[in-house]
There are 2 protein chains.
Amino acid sequence: MDFKEFKKKIAPSGKDIAREVFFQNQNAMRIKKEKTAINNLNKIFNAVLGITQEKGFQAMSMRDLSQKTDMSLGALYAYFPGKEELLGIIQTQGRSMIKGLLEQFANAREEPFEKLKAVIKAHIFLSESLRPWFFFMFMEARNLKPAELKAVKAMEEHTQKILIDILEQGEKKEIFRPNDHLLTSSMLKAMQQEWYLKRWKYKKHNISVDQYVDHVLTWVEAFCLCP
Amino acid sequence: MDFKEFKKKIAPSGKDIAREVFFQNQNAMRIKKEKTAINNLNKIFNAVLGITQEKGFQAMSMRDLSQKTDMSLGALYAYFPGKEELLGIIQTQGRSMIKGLLEQFANAREEPFEKLKAVIKAHIFLSESLRPWFFFMFMEARNLKPAELKAVKAMEEHTQKILIDILEQGEKKEIFRPNDHLLTSSMLKAMQQEWYLKRWKYKKHNISVDQYVDHVLTWVEAFCLCP
DNA sequence: GTCTATACACAGATAGAC
DNA sequence: GTCTATCTGTGTATAGAC
């Protein structure tokens, strides 16, 4: 599967995400009409992700957000209790979304090497189609309160665990070379992360996601597979 | 060379850095006595890096900084014209420091594979001994004004170019496998970066810099070297 | 060179009309 | 559901005494 196909078939749209947030936080917000809520939440998220990418969440004022969404300050506060909670909502939603989609991919295949490649590819494709979310989640994790920061770290270790399990399974079957799986999976995660942290570089050099994924998988093959 | 030796012989101390900043910006600050300036600049930088690591530069108030340095607000403003300039000073100094030390290493060896390993190791060791600086430079680049942001990107591409040159040299000598050097060097940079962006993970699992470097070099060998 | 006190802008948040 | 007007705290920065 290439990225074009992935995006069409699997990647959630802004409205999909807004819908889920609406049903998850329905009681905490003053808006009751589904359609209005979803439309405006989508607008709010896009604005937050856009402004934040440039100057960071702390530097984004509620007035910035009001201007970008064409909504008044008063209206915004009907959708979330405060700025800090808005940050929390985006982070929490991002995590649950990514977790769900990745697990779906990890369970799809059986043979270790195929499985490993599928999971890595899915992660990079997902980070491409939801790049603003991934970037936000990484860069703004610092501003979370301790309890949520813990959830972020748990998430990092959870996705790493998925990789480690595949590596162990492959080593047992003597398909992969024996190695330190914790470190190996860390390298894989670093390569995945590189794509969304430094996209300006790949854009500048006209490197597509598909090319990037292929290259990463060449590394994986050279390092993991038995000769 | 292991990290212990590197730190002892090569890594600059906080005062070394403060001294350089003092001579570089001497005319822009109101303090004239060298010793006072260096001591306080060192204190200021440590405080900024510490506070920023937790909550980001924007979220650090001048009052936070005043408290952590045990200096008054008025005193702080004798060392730099404003908060934004302080950010610029740290970023600029960080860049010039890292650039100088890395070039020193790149020129030390001749044989491509040895050279490649030496440069990668030096970068990771350097990021370990100056971890707060590296972290700050990465995370706070967004808050720079356009001209300085350009310098950051130029720096990224400069350090990448060092790697690309070595890879090309090695390919010509038929030591390295032919490959896309831009992508390959990006993977190397991603692995280097991982160390200082996720150090909490390695600390938690008791993985030392030396172990980390060894693992990275195993990947390099598996991928770059001709079989 | 360092302090205290203060100016003044702008942040997040809410009240109450529509 | 959305708006405008406004409250109150906190931010950066400076003035002027010591």
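In what follows, every heavy atom counts, from backbone to side chain, and hydrogens, waters and symmetry copies are set aside. Every chain is numbered from 1 and lettered A, B, ... according to where its sequence line falls, protein lines coming before strand lines.
Listed for the A:Arg131 side chain is no donor-acceptor partner under 3.5 Å among the backbone atoms of A:Trp195.
The neighbour count for B:Gln67 CD, taken as heavy atoms of other residues, nucleotides or ligands under 6.0 Å away, does not exceed 12.
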Enumerate, atom names and distances included, each donor-acceptor pair closer than 3.5 Å involving a side-chain atom of residues 3-10 of chain B, sequence neighbours excluded.
residue	atom	partner	partner atom	Å
B:Glu5	OE2	B:Lys9	NZ	2.9

Which side-chain N or O atoms in residues 148-157 of chain B pair as donor and acceptor under 3.5 Å with protein atoms at least two apart or in another chain?
residue	atom	partner	partner atom	Å
B:Glu148	OE1	B:Thr92	OG1	3.1
B:Glu156	OE1	A:Lys198	NZ	3.4
B:Glu156	OE2	A:Lys198	NZ	3.1
B:Glu156	OE2	A:Lys201	NZ	2.8
B:Glu157	OE1	A:Lys204	NZ	2.5

Can you name the atoms? Protein N/O to nucleotides 12-18 of chain C N/O, anything below 3.5 Å, with the distance.
residue	atom	partner	partner atom	Å
C:dG12	OP1	A:Met60	O	3.4
C:dG12	OP1	A:Lys83	NZ	2.9
C:dG12	OP2	A:Met62	N	2.5
C:dG12	N7	A:Arg63	NH1	3.1
C:dG12	O6	A:Arg63	NH2	2.8
C:dA13	OP2	A:Tyr77	OH	2.7
C:dA13	OP2	A:Lys83	N	2.9
C:dA13	O5'	A:Tyr77	OH	3.4

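Under the salt bridge (charged side-chain N to carboxylate O under 4.0 Å, His left out) criterion, B:Asp64 pairs with B:Lys55, not counting sequence neighbours. Partners of A:Phe134 under the ring pair (Phe, Tyr, Trp, His ring centres under 6.0 Å) rule, at least two apart in sequence or in another chain, are A:His123, A:Tyr196.
Rounded to an integer number of Å, the gap from CG of A:Asp70 to C1' of D:dT4 is 16 Å. One can place CE of B:Met29 at 12 Å from P of C:dT2, the figure rounded to the nearest angstrom. Between A:Ile51 atom CD1 and C:dA11 atom C1' the separation is 15 Å, expressed in whole Å. Atoms OH (A:Tyr79) and C1' (D:dG1) sit 7 Å apart, rounded to a whole Å. Distance A:Met71 CE to D:dC3 P: 7 Å, rounded to the nearest Å.
Aromatic ring pairs are classed by plane angle as parallel below 30°, tilted from 30° to 60° and perpendicular above 60°; the pair A:Phe57 and A:Phe136 is perpendicular.
Checked for salt-bridge contact, B:Glu140 and B:Lys83 miss the test: no charged N lies under 4.0 Å from a carboxylate O.
The residue A:Ala75 sits close to a base: some heavy atom pair falls under 4.0 Å.
Contacts with DNA chain C (heavy atom under 4.0 Å) in residues 33-41 of chain B: B:Lys33, B:Thr36, B:Asn40, listed by number.
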